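Reckoned from all heavy atoms, side chains included, excluding hydrogens, waters and symmetry mates. Proteins get letters first, then strands, A, B, ... in listed order; numbering begins at 1 in each. All values derive from a computational prediction rather than experimental measurement.
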There are 2 protein chains.
Amino acid sequence: MGTAVAEDRIFQALADPSRRRIFESLTRGEAAVKDLTARFDISQPAISQHLGHLKSAGLVNRRRDGRNVYYRVEPRGMKPLIDWIAHYRAFWTERLDRLERLLKTIGEQRLRGGT
Amino acid sequence: MGTAVAEDRIFQALADPSRRRIFESLTRGEAAVKDLTARFDISQPAISQHLGHLKSAGLVNRRRDGRNVYYRVEPRGMKPLIDWIAHYRAFWTERLDRLERLLKTIGEQRLRGGT
DNA sequence: ACAATGAATAAGCGACGACTTATATATAGT
DNA sequence: ACTATATATAAGTCGTCGCTTATTCATTGT
């Protein structure tokens with residue numbers, strides 16, 4: 001029953017706005033903790049904790065360089081999320097197509113003076 | 001600064017495992033609250049609350065039929081999430097491609113007896 | 001009008017999570 | 001060895017969240 005899956009940690013990691021902003025910031029390039037601390041208005045420990053969550057979710061990687069620790073996005077980290085969505089992609093597109101057809105049909109009926 | 005965006009509610013809605021299971025269940029077809037209450041091991045109010053969250057996140061719709069209230073997935077609801085991911089798609093694919101090339105290169109080096 | 005069924009809301013509780021400050025660890029430079 | 005800088009961890013606080021039970025609202029049938 002305790003089937004904790006990959007998308008679990010990812011959704012949780014990205015659910016917090018501050019953490020998502022940090023993550024988005026990292027997509028624009030590798031950054032050290034001090035950089036992020038300067039960029040955002042929360043304490044350095046808070047930044048480190050967020051990075052810890054992102055890391056254990058597989059979304060970022062660490063690299064040490066002297067006193068600095070640089071974090072960068074792990075591109076493969078997003079895969080489980082993409083897969084989760086893709087699992088229902090057929091559903092989404094099918095439904096969206098059906099909706100478009102429906103709206104089109106209704107539009108045509110209205111033009112013809114139908115209900 | 002309080003820029004609460006669409007993906008905010010979506011990520012939050014999908015972050016909870018129970019709620020995500022309910023949502024996934026709905027992707028397999030429309031269902032009434034009583035159906036979901038029978039399907040899952042949590043109380044009816046809990047189900048209704050989860051559905052409320054999913055609804056206000058734009059992920060599901062309501063339809064009343066007599067005493068029953070049927071919920072169904074709103075296909076367009078996923079769009080903000082897909083867009084959010086797609087916004088970095090160039091990033092992901094670029095990085096993934098580079099990674100693949102790198103791994104390939106390393107593999108070739110190893111075959112040639114390199115480090 | 002009444003009873004029965006289905007769903008939503010109210011209120012409260014316990015756990016978890018996102019912060020904080022304080023402290024520990026690691027590295028660099030003198 | 002000492003000091004300064006960068007990061008991580010510890011401990012505690014406060015709000016939020018997911019759940020429960022109790023109740024209310026809505027609809028149907030007799």
- Distance test, side-chain N/O of B:Arg62 to OP1/OP2 of C:dA8, below 4.0 Å: yes

- Item | Distance, rounded to the nearest Å, where B:Asn68 contributes CG and D:dT28 contributes P | 10 Å

- Identify which nucleotide among C:dA18, D:dA8, D:dT20 has an atom closest to any side-chain atom of A:His53, counting heavy atoms from C-beta outward. C:dA18

- Between atom CG in B:Asp35 and atom C1' in C:dA7, what is the gap in whole Å? 13 Å

- Query: Is there a donor-acceptor pair closer than 3.5 Å between any side-chain N or O of B:Arg64 and the backbone N or O of B:Gly66?
  - Reply: yes

- Donor-acceptor contact present, side-chain B:Arg20 to main-chain B:Leu14, <3.5 Å: yes

- Query: Side-chain N or O of A:His50 less than 4.0 angstrom from OP1 or OP2 on C:dG17?
  - Reply: no

- Message: Does B:Thr37 reach a base, just sugar-phosphate, or nothing at all? Heavy atoms under 4.0 Å.
- Response: nothing

- Query: Below 4.0 angstrom from OP1 or OP2 of C:dT20, is there any side-chain N or O of A:Ser43?
  - Reply: yes

- Item | Non-hydrogen side-chain atoms of A:Trp84 and B:Glu24 separated by less than 4.5 Å | yes

- Message: Nearest heavy atom decides the nucleotide; on that basis, is B:Ala46 or B:Arg64 closer to the 5' end of DNA chain D?
- Response: B:Ala46

- Under the 3.5 angstrom rule, does the side chain of A:Arg76 hit a backbone N or O of A:Gly58 as a donor-acceptor pair? no

- Query: Would you say the base of D:dT20 and the side-chain of B:Gln44 have a donor-acceptor pair closer than 3.5 Å?
  - Reply: no

- Message: Rounding to an integer number of Å, can you tell me how far A:Ile22 CD1 sits from C:dA18 C1'?
- Response: 11 Å

- Task: Describe the nucleic acid contact of A:Tyr70 in one word from base, sugar-phosphate, nothing, applying a heavy-atom distance below 4.0 Å.
- Result: nothing

- In whole angstrom, give the distance that lies between atom CZ of B:Phe40 and atom C1' of D:dC19. 16 Å

- Query: Between atom CD in A:Gln49 and atom C1' in C:dT23, what is the gap in whole Å?
  - Reply: 14 Å

- Query: Out of C:dC19, C:dA22, C:dG17, which has the shortest distance to the side chain of A:Gln12?
  - Reply: C:dG17

- Query: So, is A:Tyr71 near the phosphate of D:dA8, with a side-chain N or O under 4.0 Å from OP1 or OP2?
  - Reply: yes

- Message: Quick check on the hydrophobic clustering: are B:Leu36 and B:Tyr70 connected, directly or via other members, by side-chain heavy-atom contacts under 4.5 Å?
- Response: no

- Would you say C:dT9 has OP1 or OP2 under 4.0 Å from some side-chain N or O of B:Ser48? no

- Message: Nearest whole Å is fine: how far is C:dC19 C1' from A:Asp41 CG?
- Response: 13 Å

- Roughly, in whole Å, what's the span from CZ in B:Arg67 to P in C:dG6? 7 Å

- Query: How do A:Asp16 and A:Gly66 order along DNA chain C: which one's closest nucleotide is nearer the 5' end?
  - Reply: A:Asp16

- Message: Looking at A:Arg19, I'd like to know whether one of its side-chain N or O atoms comes within less than 4.0 Å of OP1 or OP2 on C:dA18.
- Response: yes

- Taken to the nearest whole Å, CD1/A:Ile47 to C1'/C:dT21 is 16 Å

- Heavy-atom distance under 4.5 Å between the side chains of A:His50 and A:Ile42, does that happen here? yes

